[in-house]
Undergrad: 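The structure that follows is given in the form of structure tokens.
Counting convention: from 1, in listed order, for ligands and their atoms alike. FYI, the numbering just counts along the sequence from 1.
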Amino acid sequence: MICKYVFGKPIETGAVVADVAQCTQPLSLMQVEQGPAGVVLSCQMGPKDVVYGLGEQVRGINKRGFSYISYAIDGPIHTENRHSLYGGHNFLIVSRAQKQPFGIFVDNPGKVVFDVGEARMDRLEIQAGSDCVIYTIEEEGLKEVAKSFRRLVGQSYAAPKWAFGYQQSRWGYQNEADVRAVVDGYHGNGIPLDAVYLDIDYMDHYKDFTVDQEKFPDFAGFVGSMKARGVRLVPIIDAGVKIEKGYPVYEEGVANNYFCKDEDGTDFVGAVWPGKSHFPDVLNTAAREWFGGKYQWLMDQGIEGFWNDMNEPALFYSEKRLKQTMDEVLAMKDQNLDIHSYWQLIEKIDGLCNHPQDYKSFYHNKDGERICHDDVHNLYGFYMTKAAADAFCKIAPHKRTLLFSRSSYIGMHRYGGIWTGDNASWWSHLLLSIQQMPSLNMCGILYTGSDIGGFGNDTTQDLLLRWLEFGIFTPLMRNHAAADTREQEAYHFDRIEDFRNIIRIRYGLLPYLYSEFMKAVLNDEMYFRPLAFDFPDDAHAAKVEDQLMVGESIMIAPVYTQNATGRYVYLPQDMLMVCMKSLEGRQCQVMEKGHHYVDIALNEVVFFVRKGHMLPLAVLDSGLTSTADMEDCEYEWIGYTDNAAEYILYDDDGMTTDYTPRSEWKKTVRTKEELAWG
Ligand code: GLC
């Protein structure tokens with residue numbers, strides 16, 4: 001049951017698609033207070049209650065014990081003390097002992113604070129803002145609450161099938177030769193690869209919708225030649241538009257008032273990669289259509305996928321703040337700085353970027369209504385992505401174009417996926433990535449993954465291997481690294497065969513992963529789930545923070561600590577452990593419900609098949625280079641049953657948006673003997 005409560009005069013965000021009447025009864029699931037701080041919702045949490053959700057955030061699957069602030073921020077250091085990352089995902093589910101679970105969605109695109117037991121361990125408090133719509137959802141189980149929420153916010157985006165292949169990225173590929181070297185490096189070593197990303201270096205002076213002619217003299221020809229090798233190029237698009245006379249995007253934006261405005265009505269100036277920039281007013285329909293239309297120029301050259309970045313939007317500085325800060329800093333030049341004034345100096349410089357006051361200083365024209373950016377801050381990435389997605393519907397109707405964003409708000413999942421931003425090559429970030437996946441899925445974001453190997457800092461061979469062993473299960477499987485970090489492409493490491501084997505296992509699992517992803521899209525379900533969602537009566541399942549259910553048949557338990565040669569795994573039922581060092585070689589062992597220590601070698605993929613379930617494994621040619629080579633491949637079946645198991649394999653053309661299964665969904669039944677795992 002979904003109930004809707006309206007407070008103040010909320011801004012229409014576009015998060016919700018279902019028609020829900022306003023509830024006539026007062027909100028009773030939580031206490032409601034309305035005061036100077038706006039609407040404050042609160043409730044007691046029992047010692048065993050678990051709080052799930054909040055999408056892209058730090059800390060665990062159970063969000064208890066900390067407070068989280070929905071206010072999108074370009075913050076690369078995803079440490080435990082951070083309260084905000086790049087998204088605003090104001091949905092959580094409270095799982096209560098002896099009572100039905102309930103969900104809460106706060107539809108307010110400004111700042112919202114969730115204190116999930118930080119101030120007081122037994123108290124959940126949500127500062128929802130003065131103008132907001134609150135939805136409460138009560139259903140019999142956790143899965144059902146999540147599903148009801150998804151019905152409320154609409155069907156998730158489905159990426160094209162090629163975007164489920166392995167993808168390589170790096171901030172620093174400069175030109176054709178760099179990209180070609182990556183494709184040669186992978187394919188030459190027998191490792192499949194479906195996409196290479198173009199980071200900001202492909203542009204002419206960081207100008208959106210331009211390509212540096214010296215680096216890519218025949219861009220369309222190059223895009224075509226890579227595609228002929230099964231590899232798509234995926235360029236980045238940034239939110240900020242360079243201020244430069246004669247640059248058409250800048251000129252058109254200024255002439256038509258398509259950019260966000262300062263208090264005094266002039267175009268707001270903030271700086272990003274190209275220096276001083278304007279920001280398309282993506283909340284304005286005309287501006288959004290205009291900006292979205294710009295993607296066509298790249299699509300006309302054969303591009304089939306994009307990543308939208310810096311759309312919190314990130315601000316290195318605002319023109320006004322830079323001036324003020326420089327004046328203040330210069331005034332300190334000849335001073336004898338003591339501890340206090342020295343810190344002030346540091347704070348001034350640090351405060352230049354993403355300053356809260358700057359977000360309060362510019363405005364949108366939301367189709368006639370002037371709105372301060374701060375009040376709709378979390379919508380910027382959503383509407384930048386909608387700009388592109390709406391344009392794709394016109395430019396390439398029915399075609400699935402790859403699209404994902406860094407910043408997002410609930411509702412954006414209908415238009416694209418996200419990646420989890422600038423993590424680091426830290427083991428703790430591998431765990432964080434595992435924990436973020438189900439929280440994101442709850443919010444509808446299914447096409448997602450983290451920068452495999454870690455974005456910032458130098459990766460290590462073992463970290464990359466372990467991260468890949470988890471990454472083979474994430475819909476977006478992209479290795480991405482920051483400029484000036486160690487080269488992170490798999491072929492730069494010793495024992496290339498380990499990388500080849502793991503990545504080939506991804507392709508082997510792809511029919512299952514794609515089938516489960518698409519079922520999650522079409523049925524409003526979660527692809528990644530915490531164990532308690534599938535085993536609600538198992539008290540221990542609710543405590544497991546580092547294992548996930550993936551689709552209907554398997555559970556994963558990734559290794560995320562350095563030098564570990566295995567790990568403890570909790571099995572909520574009897575399962576079949578499948579250990580693979582290569583796609584062709586595997587060992588299986590039935591394991592009983594309970595706790596186990598499992599050895600998992602550095603070059604080994606291990607997953608667990610649920611009793612009564614099975615999954616297909618594609619039989620692949622040793623020369624496989626990309627998903628393009630997987631048309632009509634044969635399957636083997638892995639499964640565990642006392643008598644017979646069945647699996648419905650969803651498949652479609654992977655290219656269009658009508659999601660018509662290629663043939664009828666293929667139900668396959670296998671007996672215990674046929675599934676022999678000995
Ligand atoms: C941002 C993105 C990162 C990208 C970099 C350069 O930090 O999050 O992925 O590589 O910008 O464009």
Undergrad: Using the ring of each side chain (for Trp, its six-membered ring), is F291 parallel, tilted or perpendicular to Y295, with breaks at 30° and 60°?
TA: perpendicular
Undergrad: For ligand 1, list every N/O pair with the protein closer than 3.5 Å, one pair per line with the distance.
TA:
{"from": "ligand 1", "atom 1": "7 (O)", "to": "D422", "atom 2": "OD1", "distance (Å)": "3.4"}
{"from": "ligand 1", "atom 1": "7 (O)", "to": "D422", "atom 2": "OD2", "distance (Å)": "2.6"}
{"from": "ligand 1", "atom 1": "8 (O)", "to": "R406", "atom 2": "NH1", "distance (Å)": "2.9"}
{"from": "ligand 1", "atom 1": "8 (O)", "to": "D422", "atom 2": "OD1", "distance (Å)": "2.5"}
{"from": "ligand 1", "atom 1": "8 (O)", "to": "D422", "atom 2": "OD2", "distance (Å)": "3.3"}
{"from": "ligand 1", "atom 1": "9 (O)", "to": "H480", "atom 2": "NE2", "distance (Å)": "3.0"}
{"from": "ligand 1", "atom 1": "10 (O)", "to": "D199", "atom 2": "OD2", "distance (Å)": "2.5"}
{"from": "ligand 1", "atom 1": "10 (O)", "to": "H480", "atom 2": "NE2", "distance (Å)": "3.0"}
{"from": "ligand 1", "atom 1": "11 (O)", "to": "D309", "atom 2": "OD2", "distance (Å)": "3.1"}
{"from": "ligand 1", "atom 1": "12 (O)", "to": "D199", "atom 2": "OD1", "distance (Å)": "2.5"}

Undergrad: Could you walk me through whether Y560 and W467 pass the ring-ring contact (aromatic ring centres under 6.0 Å, His included) test, one step at a time?
TA: CA-CA 8 Å; Y560 54 87; W467 211 314; over 10 Å; no
Undergrad: If the condition is side-chain contact (heavy atoms from CB on, under 4.5 Å), which residues does A181 pass it with, not counting sequence neighbours?
TA: none
Undergrad: For L403, check side-chain contact (heavy atoms from CB on, under 4.5 Å) against everything at least two apart and list the hits.
TA: Y157, F306, N308, T385, A388, A389, F392
Undergrad: Can you name the side-chain contact (heavy atoms from CB on, under 4.5 Å) partners of F222, sequence neighbours left out?
TA: E176, V179, R180, F216, S225, M226, L233
Undergrad: When W419 is tested against each of Y447, F404, F455 for ring-ring contact (aromatic ring centres under 6.0 Å, His included), which residue passes?
TA: F404
